[in-house]
Amino acid sequence: MNMKIKNLMVTGGCGFIGSNFIRYLLEQSDFQGRIINVDTLTYAGNPENLKGVAKTWPGRYVFVRADICDLEAMKKIFAEYGIDGICHFAAESHVDRSIKRPDSFIFSNIIGTFNLLEIARGRGDAFQIFHHISTDEVYGSLGPEGLFTEETPYRPNSPYSASKAASDHLVRAYHETFGLPTTLSNCSNNYGAYQFPEKLIPLMVLNALEEKPLPIYGDGKNVRDWLYVTDHCEAIWTIMKRGERGETYNVGGASEIENIVIVNMILAILDEIRPRENGKSRQDLIIYVKDRPGHDRRYAIDFSKLQKALGWEPRESFATGLRKTIEWYATNRDWSDRVRSGEYQHWIDEQYGG
Ligand code: NAD
Ligand code: DAU
C-alpha cells in the first residue's frame with residue numbers, strides 16, 4: 001500500500017498511548033509527514049508527556065487544544081492543516097469513572113468519533129486513512145478457556161466498553177456505506193511510561209512507594225492480557241501502513257495474568273530496587289475491597305490475524321516490561337506528583353487559556 005500521509009491528525013496525543021505513539025512515529029523513517037496533535041486536555045491529557053518533541057522535530061509536530069465533540073473546531077483544523085489521515089486515540093478511558101459518571105464517555109467516545117468520521121468522509125480521495133484505536137473490552141468477558149478473535153460477538157459490560165463498541169460500529173459503517181478508508185484495532189491492557197496513575201499498574205507502584213493501601217477488587221483473580229505500550233504503537237503503525245481497509249485487527253501481549261499475581265510481582269520488584277526502611281516486604285499493604293460492578297472476569301486475545309497477515313508480534317516480555325515500567329515510575333516521582341496534585345492543570349490553563 002502506497003501511503004504517504006502529509007498531515008496526520010493524532011487525537012488524544014497528550015494521553016498515555018497517544019503520547020507514546022507520537023514519539024514512536026516521529027522516529028520512523030517511513031513517516032515523513034507532520035503530526036497535528038488534537039487534544040482537549042482532560043485530567044488525563046498532559047502536554048508534559050511530549051516535552052521537547054516540537055524542538056527535536058522542527059516543523060513536524062503541532063499541538064492544538066480542541067475538543068473532538070466541537071464539530072466546527074474540527075472542521076477548522078481539517079481545513080487549516082490539510083488533514084489527510086487520522087489516528088484516533090481521544091476518549092475517556094477509565095472503566096471506574098464510566099461507572100461513576102458515564103456522560104462524558106458518551107460525548108467524547110461516540111459523538112467525538114462521529115464528528116471525525118463525518119468530516120473525514122467529506123474530504124474524498126484526499127483522505128488516506130482513519131485508524132480507530134479500540135479495546136478488547138467490547139467483546140465482554142471470557143470464561144476460563146478461549147480467546148477473543150475478530151469474529152467474537154460484541155457484548156460490552158461497562159458504560160466505557162459500550163461507548164467504545166458504539167464508536168467501533170460507526171467506524172465499520174463509514175467504511176461499508178461511504179467507502180471511508182478505515183482500519184480498526186482492538187487491544188488489551190496497555191502498560192508503560194506516562195500512564196495516568198488511576199490504572200492498576202501505576203496506581204499499585206505509587207501507592208506501594210507511598211505506603212498507601214493496595215486495593216484489590218473482588219478476589220483478585222480477574223485476568224487481563226498485558227501489552228507493552230511501545231509494542232502497541234508498532235502494531236498501530238503496521239496496521240495503518242499495510243492493514244486492509246475496512247478490517248479489524250486484535251492486538252495482544254501474549255501475557256495473561258491474574259491481578260493479584262501482578263501486584264505480587266510489583267511488590268517483589270519494588271522490595272528489591274526500593275527496599276522499605278524497615279527491610280520488610282510491602283505485602284501487608286494489600287487489601288481486598290468491594291468488587292467493581294459488572295467486573296469482567298477474563299480477557300485474552302488471539303492476535304494471529306495481525307501476526308499472519310502483517311507479521312507483527314509483541315517484542316517485550318511482561319517481566320522485562322514491568323520492571324522498566326516500575327523503574328520509570330520510581331524515578332519520575334515528580335511527574336506523578338504533578339499529575340495527581342492537579343498542579344499541572346493550573347499550568348495548562350495558564351499556557352492554553354483553559
Ligand atoms: P488516556 O485517558 O491516557 O488519554 C486520553 C486522551 O484523550 C487524553 O489526553 C485526553 O485529554 C484526550 N481526550 C479525551 N476526551 C477528548 C475530547 N473530547 N477531545 C479531545 N481530546 C480528548 O487514554 P489511553 O489509555 O492513552 O487510551 C487511548 C485510547 O486507547 C482510548 O481510545 C482507549 O479507549 C484506547 N485503549 C486503551 C487501552 C489501555 O490499556 N490504556 C487499551 C485498549 C484501548
Ligand atoms: O482491556 C483494555 C482496557 O484496559 C482499556 O480499554 C481501558 O481503557 C483500560 O483502562 C483498561 O481497563 P481495565 O478496567 O482492565 O484497567 P484497570 O487498570 O482499571 O484495571 C485492571 C484490573 O485491575 C481490573 O480487573 C480491575 C483491577 N483493579 C483496578 C484498580 C484500578 C483492582 O483490582 N484495583 C484497582 O485499584
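Both counts, for ligands and for their atoms, begin at 1 and track the order of listing.
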Looking at ligand 1, is there an atom of it that comes within less than 4.0 Å of some heavy atom belonging to S19? no
Between D219 and R297, is the closest basic N to carboxylate O distance under 4.0 Å? yes
Mutual orientation of the aromatic rings belonging to F89 and F21 [parallel < 30°, tilted 30-60°, perpendicular > 60°]: tilted
Closest to atom 37 (C) of ligand 1 among protein heavy atoms sits I17 CD1, 3.5 Å
N190 versus ligand 1: do any nitrogen or oxygen atoms come within less than 3.5 Å of each other? yes
Check whether any N or O atom of T42, backbone or side chain, sits under 3.5 Å from an N or O atom of ligand 1, and answer yes or no. yes
Would you say Q28's side chain and Y24's backbone share a donor-acceptor pair under 3.5 angstrom? yes
What do we get for K164 next to ligand 1 when only non-hydrogen atoms under 4.0 Å count, side chain, backbone, both or neither? side chain
To the nearest 0.5 Å, what is the distance between CD on E210 and CG on L206? 5.5 Å
Does ligand 2 come near enough to R224 that some N or O of the ligand is less than 3.5 Å from an N or O of the residue? yes
Smallest separation among heavy atoms of T113 and S167, with atom names: OG1-CB, 3.7 Å
Can you find an N/O atom of T40 closer than 3.5 Å to an N/O atom of ligand 1? yes
Using heavy-atom distances only, which candidate in P197, A91, S93 approaches atom 7 (C) of ligand 2 most closely? S93
Report the member of H295, R292, E258 with the shortest heavy-atom distance to atom 14 (O) of ligand 2. R292
So, E327 and K324, do they make that salt bridge, N to O below 4.0 Å? no
Can you pull out the closest protein heavy atom to atom 15 (N) of ligand 1? Residue, atom name and distance to 0.1 Å, please. S108 OG, 3.6 Å
At a non-hydrogen distance cut-off of under 4.0 Å, which region of S188 contacts ligand 1 (side chain, backbone, both, or neither)? backbone
Salt-bridge contact E92-R101 (side-chain N to carboxylate O under 4.0 Å): no
Can you check whether D67 has an N/O within less than 3.5 Å of an N/O in ligand 1? yes
For the side chain of N157 and the backbone of G140, is there at least one donor-acceptor N/O pair under 3.5 Å apart? no
Counting heavy atoms only, which part of Y160 comes closer than 4.0 Å to ligand 1: side chain, backbone, both or neither? side chain
Can a side-chain donor-acceptor contact be found between R97 and Y43 if the only test is distance below 3.5 angstrom? yes
Return yes if a side-chain donor-acceptor contact under 3.5 Å exists between T182 and H132, otherwise no. no
Check this for me: R298, atom CZ, are more than 12 non-hydrogen atoms of other residues, nucleotides or ligands nearer than 6.0 Å? yes
Nearest neighbour of atom 28 (N) of ligand 2 from the list Y299, W226, Y217, F16, on a heavy-atom basis: Y217
Any N or O on F89 sitting closer than 3.5 Å to an N or O of ligand 1? yes
Between ligand 2 and M204, is the shortest N or O to N or O distance under 3.5 Å? no
From H94, R297, K199, E198 - option closest to atom 10 (O) of ligand 2 by heavy atom: K199
Check contact between C187 and ligand 1, using heavy atoms of the residue and a distance below 4.0 angstrom. yes
Parallel, tilted or perpendicular: rings of W226 and F318 (30°, 60°): tilted
Could you pull out, from D96, N186, N189, V289, the option with a heavy atom nearest to atom 15 (O) of ligand 2? N189
A side-chain contact here means heavy atoms from C-beta on lying under 4.5 Å apart; do N222 and D296 qualify? no
Does the side chain of W312 come under 3.5 Å of the side chain of D231 through a donor N or O and an acceptor N or O? no
What protein heavy atom sits nearest atom 19 (N) of ligand 1, and how far away is it? I68 N, 3.0 Å
Go through ligand 2 atom by atom and flag the ones less than 4.0 Å from a non-hydrogen atom of V95. 14 (O)
How are the rings of Y154 and H169 set to each other: parallel, tilted or perpendicular (split at 30° and 60°)? tilted
Would you indicate which of D136, T135, D291 comes nearest to atom 1 (O) of ligand 2 when only heavy atoms are counted? D136
Nearest-0.5 Å distance that lies between atom OG1 in T11 and atom CG in N115: 11.5 Å
For ligand 2, which atoms, with element, lie under 4.0 Å from some heavy atom of I216? 33 (O)
One residue to check: N259. Relative to ligand 2, which of side chain, backbone, both or neither has a non-hydrogen atom less than 4.0 Å away? side chain
Taking 4.0 Å as the limit for heavy-atom contacts, which would you say applies to D136 with ligand 1: side chain only, backbone only, both, or neither? neither
For A66, the atoms of ligand 1 under 4.0 Å from one of its heavy atoms are 19 (N), 20 (C)
Geometric class of the Y299/F148 ring pair [parallel <30°, tilted 30-60°, perpendicular >60°]: tilted
Among all protein non-hydrogen atoms, which one is nearest to atom 30 (O) of ligand 1, and what is the separation to 0.1 Å? I133 CG2, 3.6 Å
Closest protein heavy atom (residue, atom, distance) for atom 4 (O) of ligand 1: G15 CA, 3.4 Å
Heavy-atom nearest option to atom 11 (O) of ligand 1, drawn from D39, N20, V251: D39
Ignoring angles and geometry beyond distance, decide whether F16 reaches within less than 3.5 Å of ligand 1 through its nitrogen or oxygen atoms. yes
Ignoring angles and geometry beyond distance, decide whether C69 reaches within less than 3.5 Å of ligand 1 through its nitrogen or oxygen atoms. no
Measure the spacing between CG of L203 and CZ of F196 and express it to the nearest 0.5 Å. 10.5 Å
Non-hydrogen atoms of S134 versus ligand 1: any pair closer than 4.0 Å? yes
So between G12, S93, A91, whose heavy atom ends up nearest atom 5 (C) of ligand 1? A91
At a 4.0 Å threshold, what atoms of ligand 1 neighbour a non-hydrogen atom of G45? 8 (C), 9 (O), 11 (O)
With atoms numbered from 1 as shown, which atoms in ligand 1 lie under 4.0 angstrom from a non-hydrogen atom of L41? 11 (O)
Tell me whether H88 has any N or O atom under 3.5 angstrom from an N or O of ligand 1. no
Please determine if S188 has a nitrogen or oxygen closer than 3.5 Å to a nitrogen or oxygen of ligand 2. no
So for L203 against ligand 2, with non-hydrogen atoms under 4.0 Å, the contacting part is side chain
Tell me, with the steps shown, if D271 and R282 meet salt bridge (charged side-chain N to carboxylate O under 4.0 Å, His left out). CA-CA 7 Å; D271 288 343; R282 292 174 170 94; 3.0 Å; yes
Closest to atom 34 (N) of ligand 2 (heavy atoms only, candidates C187, P215, S134) is P215
Below 4.0 angstrom from a heavy atom of N189, which ligand 1 atoms are there? Numbered from 1 as shown, please. 40 (O)
Do N332 and Y194 have side chains that approach each other closer than 4.5 Å (heavy atoms only, starting at C-beta)? no
Under a 3.5 Å threshold, yes or no: a donor from one side chain and an acceptor from the other, between K305 and T248? no
Do N186 and E137 pair up side chain to side chain, a donor and an acceptor below 3.5 Å, judged on atom types alone? no
